[in-house]
Amino acid sequence: MDYLSLISIFSAAFAVAFGAIGPALAEGRAVAAAMDAIARQPEAANTISRTLFVGLAMIETTAIYCLVISLLLLFANPLLG
Amino acid sequence: MSIDFWSLGLQAVNVTILIWLLSRFFWRPVAAAIKKRQDTVSRLLNDAQTAKTNADAILAEVTTAREGIAAERETMLTDAAQKAESAANLALVNAQKQAQTLIDTAQLESTRTADALRAELTEQATLLAVNIAQKLLSRLDTAVVQSAFVGLLVEAIGALSAEDRESLRAANQGIELVGTLDLNDQEKASLSQALSQALGSSPALTFLSNPELIAGLEIRTPHFALHNSWQSDLATIAKALNHAE
Amino acid sequence: MNSPLQANVLFQLGPVPITEAVITTWAIMVILILGSFLLARHLDTLPGKRQAILELIVATLDIQIRETSGAAPAPYRGFIGTLFLFILIANWSSLIPGITPPTAQLETDAALAILVFLSIIWFGISKGGVRGYFKSFAAPNLIMIPLNILESVTRIFSMFVRLFGNVMSGVFVIGIVASLAGLLVPIPLMALDLLTGLVQAYIFAVLAMVFITATVEESQPTVKDSPPASPPLEERES
């Protein structure tokens, strides 16, 4: 196993690990804000949760990008041929 | 990583077909059913609303009509009550008037009857009293009484007023002296003397006898009479009694 | 271990390789079409239990579309609703043993994203005309044109990658866990996968609706103050 494979595996794990930190914190903030808003305005819970889901999906996209990159590195690495 | 464009195209076509078929067989019919039911419900609601409005209008009409009938009946009742009251009042007044009239008439009648009765009774009592007196006095027809009447006549002649003397003097046919008993000469002489003294002349004297006088002596000429007897006194009393009532 | 990025070609139909995802999609299509055809066959004014469920689905979809776009749901109902139903059933088809969801394959997700991209163009042109559609790139001003063009591609790409990544990662994780621990251990992960599948289907449909609405509203030949893209209050209550 040459060093390119090692670096690819390490980079894949690194990308997923650190790529998940930012979206995790962001999703936590988003959910907290949404809970706050629902507590203030329970009658607007429907709109808030819909917006929350869409927003979470947007935030999650960055983590998914990281996952895709790691998968590319693992399974479709063009450098490894 | 490689994308299989055949698969991509196939999947796109598949999903497009799916979208088209589901739109045709699922979304549109169900949405149409919902729309149809909503339309039906709204139409029914409109119909119900219209019917309710109509019913309300009819109800209001009926209520108004009923109020009109009630008011009319009230008016009629009031009118009838007023009429009945006035008629009753009128009848009452008439009855009172009639009764008053009847009472008045009866009172008048009874008063009149009582008056007539009393007058009759008085007359009868007077008559009875005069008769009693007549009968009593007729038993006192004596010479003593005669002489007393002669004396009274003499006094009366002496007290005659000037007009009476004049009328006596004018009676040239003679003077009738009416008495119940025959006079004796002395009495005749005193009478003629008194007359001649009073008249200043001596007229012809005629002595008549009349038992109706009961007792007494009267001077009668065609124009003048000097009453001096029980009869005239009784007549005067009876007259006075009758007039007293 | 098979790469999740690699399509599994079952057989060749002339020059066309038929993958496993295409076969699964056909099966899902048949189920959906036959089911909807049979269920929505006799619709009455007085609904039975079956029709009430169907109407509940349609009414819920209408409410979601109206709340998201503020427009009448009729033109978008078929597209958005079918997207949601297809993605949902495709995601949940992973519950059947031996079947990989079609949405866990790059090609299916790319096809869906391309369909959304085309539908944005379609609705933009049909509502605002060609001129209005191109004008929507110049919103709010001319400087934004390159950014808007870039965004119209990247947002589609992000939808594609998001759906693919979520579903594929779910399948991948379940495959790994099943290969390690066998019998009962993957069940919580499968439950999570169900939730993820539902949420992803919902998000895909809602995002498609949001993108369409944004383009349609910007392509309208209006008016300085366009009404906000929120529904009237009384419709939100229903």
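Below, read A as the first sequence line, B as the second, and so on, with proteins coming before strands; counting in each chain starts at 1.
- Shown here is B:R37, whose CZ atom has more than 12 heavy atoms of other residues, nucleotides or ligands within 6.0 Å.
- More than 12 non-hydrogen atoms from other residues, nucleotides or ligands lie less than 6.0 angstrom from CZ of C:R50.
- Atom CZ of B:F25 and atom CG of C:L38 lie 10.5 Å apart (nearest 0.5 Å).
- Heavy-atom contacts from other residues, nucleotides or ligands closer than 6.0 Å to CD of C:Q12 number more than 12.
- A donor-acceptor contact under 3.5 angstrom links the side chains of C:T25 and B:Q11, judged on distance only.
- Nearest heavy atom pair, residue B:I19 against residue C:G78, reads CG2-O, 4.3 Å.
- Taking each heavy atom of C:P17 and B:S7 in turn, the nearest pair found is O-OG, 4.1 Å.
- For chain C, the option among B:A32, B:S23, B:A31 with the highest count of heavy-atom pairs below 4.5 Å is B:A31.
- Using a 4.5 Å cut-off between heavy atoms, C:L118 does not touch chain B at all.
- Taken to the nearest 0.5 Å, the CG atom of B:L22 stands 9.0 Å off from the CE atom of C:M29.
- A donor and an acceptor atom, one from each side chain of B:W27 and C:T82, are located under 3.5 Å apart.
- Using a 4.5 Å cut-off between heavy atoms, C:L54 touches chain B through backbone and side chain atoms alike.
- Residue contact with chain B, scored on non-hydrogen atoms closer than 4.5 Å, involves the backbone and the side chain of C:A21 alike.
- Pairing each heavy atom of B:W6 with each of C:P15, the nearest pair is NE1-O, 3.9 Å.
- For C:L32, the parts sitting under 4.5 Å from any heavy atom of chain B are the backbone and the side chain alike.
- Looking at B:L10, the atoms closer than 4.5 Å to chain C (heavy atoms on both sides) all sit in the side chain, from C-beta outward.
- To the nearest 0.5 Å, the span separating CD on C:E55 from CD1 on B:I34 amounts to 4.5 Å.
- Per-residue heavy-atom pair counts under 4.5 Å with chain B were compared for C:P102, C:A110, C:G81, and the maximum is reached by C:G81.
- Using a 4.5 Å cut-off between heavy atoms, C:I28 makes no contact with chain B at all.
- Heavy atoms closer than 4.5 Å to chain B are found nowhere in C:L39, neither backbone nor side chain.
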